[in-house]
2 protein chains.
Amino acid sequence: MTKTIRPSSGRAAPPPDCPLDHCLRLLAGAWTAKILWYLCEEPRRFGDLRRDLGGITSKVLSSRLRELEAKGIVSREVIPVSPPQVSYRLTSLGKELRPVLDAMARLGEKAGQSSC
Amino acid sequence: MTKTIRPSSGRAAPPPDCPLDHCLRLLAGAWTAKILWYLCEEPRRFGDLRRDLGGITSKVLSSRLRELEAKGIVSREVIPVSPPQVSYRLTSLGKELRPVLDAMARLGEKAGQSSC
DNA sequence: CTGTATCCTTTTAGATACTG
DNA sequence: CAGTATCTAAAAGGATACAG
């Protein structure tokens with residue numbers, strides 16, 4: 001994956017709390033913003049996300065999703081069928097990140113990218 | 001982290017270049033967004049940034065600044081006085097990141113943070 | 001299908017010392 | 001003041017195998 005916003009790798013920095021800090025914590029990780037981007041559109045299942053994201057391993061995807069769930073950004077719904085289905089969606093808190101993701105996307109499109 | 005863009009070998013819907021990718025590359029690193037945030041306000045010298053950022057080492061700050069310079073986001077101006085002064089500012093390209101940074105900051109303030 | 005468990009590599013950041 | 005040079009550590013992610 002390309003480099004991304006990451007949390008400090010060494011020790012934590014003594015924080016002079018910048019208004020960006022909160023958001024940066026939420027979006028930490030190389031895949032997090034992209035995961036949320038796909039979830040903005042509509043709820044998606046684990047396998048869908050994995051395919052959409054192209055290249056993420058199930059270990060990492062699972063890890064990020066649990067992190068987002070713990071932060072209250074994403075909710076997880078298990079549909080008890082066989083084979084099992086699990087659907088992820090943004091919570092209302094998660095939807096508050098849309099302005100950030102949209103701004104990022106607009107920049108990308110401005111810079112001449114294809115759409116997702 | 002140079003990822004390994006996966007060659008979309010054969011399969012149906014492989015590797016989407018997501019519109020977020022461009023921005024995520026620009027903001028890579030634990031300190032990058034915050035550095036740009038402070039530079040949004042006004043040009044700043046190396047030592048000012050270091051103080052503003054509270055906790056960054058000169059090694060990392062220097063490294064990130066050179067990276068941003070290479071990407072055309074930040075410009076570096078040396079003022080030949082003694083002791084030397086070096087001032088950094090956003091380029092016009094760098095200013096395009098403002099909407100993203102502003103969206104992040106708004107989220108932080110909404111979540112109840114102190115200002116920078 | 002939706003994950004977990006290992007093991008390993010890469011990427012950054014922190015600590016510290018030193019220079020023009 | 002504005003960096004550079006080393007060295008170390010830790011986090012993140014990748015590969016792979018396997019389970020419910």
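Proteins get letters first, then strands, A, B, ... in listed order; numbering begins at 1 in each.
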Mind calculating the distance between [atom1] ([X]) and [atom2] ([N]) to the nearest angstrom?
X	N	atom1	atom2	answer
A/I56	D/dA15	CD1	C1'	14 Å
B/K34	C/dT12	NZ	C1'	16 Å
A/L27	D/dA12	CG	C1'	16 Å
A/R44	C/dT2	CZ	P	13 Å
B/W31	D/dA11	CH2	P	16 Å
B/L61	C/dG14	CG	P	11 Å
A/L68	C/dG3	CG	C1'	16 Å

Partner set under salt bridge (Lys or Arg N to Asp or Glu O under 4.0 Å) for [X], not counting sequence neighbours:
X	value
A/R106	none
A/R76	none
A/R64	A/E67
B/R66	B/E69

Presence of salt bridge, B/D21 and A/K34, under 4.0 angstrom: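 Between B/D21 and A/K34 there is a salt bridge, with a charged N closer than 4.0 Å to a carboxylate O.
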Residues that A/P43 engages under side-chain contact (heavy atoms from CB on, under 4.5 Å), provided they are two or more places apart: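 Listed in chain order: A/S87, A/R89.
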Can you name the atoms? Protein N/O to nucleotides 1-5 of chain D N/O, anything below 3.5 Å, with the distance.
{"unit_1": "D/dC1", "atom_1": "O3'", "unit_2": "B/R45", "atom_2": "NH2", "d": "3.1"}
{"unit_1": "D/dC1", "atom_1": "O3'", "unit_2": "B/P84", "atom_2": "O", "d": "3.3"}
{"unit_1": "D/dA2", "atom_1": "OP1", "unit_2": "B/R45", "atom_2": "NE", "d": "2.9"}
{"unit_1": "D/dA2", "atom_1": "OP1", "unit_2": "B/R45", "atom_2": "NH2", "d": "3.3"}
{"unit_1": "D/dA2", "atom_1": "OP1", "unit_2": "B/V86", "atom_2": "N", "d": "3.2"}
{"unit_1": "D/dA2", "atom_1": "OP2", "unit_2": "B/G47", "atom_2": "N", "d": "2.9"}
{"unit_1": "D/dG3", "atom_1": "OP1", "unit_2": "B/R66", "atom_2": "NH2", "d": "3.2"}
{"unit_1": "D/dG3", "atom_1": "OP1", "unit_2": "B/R76", "atom_2": "NE", "d": "3.4"}
{"unit_1": "D/dG3", "atom_1": "OP1", "unit_2": "B/R76", "atom_2": "NH2", "d": "2.6"}
{"unit_1": "D/dG3", "atom_1": "OP2", "unit_2": "B/Y88", "atom_2": "OH", "d": "2.6"}
{"unit_1": "D/dG3", "atom_1": "O3'", "unit_2": "B/R66", "atom_2": "NH2", "d": "3.4"}
{"unit_1": "D/dT4", "atom_1": "OP1", "unit_2": "B/R66", "atom_2": "NE", "d": "2.9"}
{"unit_1": "D/dT4", "atom_1": "OP1", "unit_2": "B/R66", "atom_2": "NH2", "d": "3.2"}
{"unit_1": "D/dT4", "atom_1": "OP2", "unit_2": "B/S62", "atom_2": "OG", "d": "2.4"}
{"unit_1": "D/dT4", "atom_1": "O4", "unit_2": "B/S58", "atom_2": "OG", "d": "3.3"}

Under-4.0 Å side-chain N/O to phosphate OP1/OP2 contact, A/R64 with D/dA12: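 So the side-chain polar atoms of A/R64 never come under 4.0 Å of the phosphate oxygens OP1 or OP2 of D/dA12.
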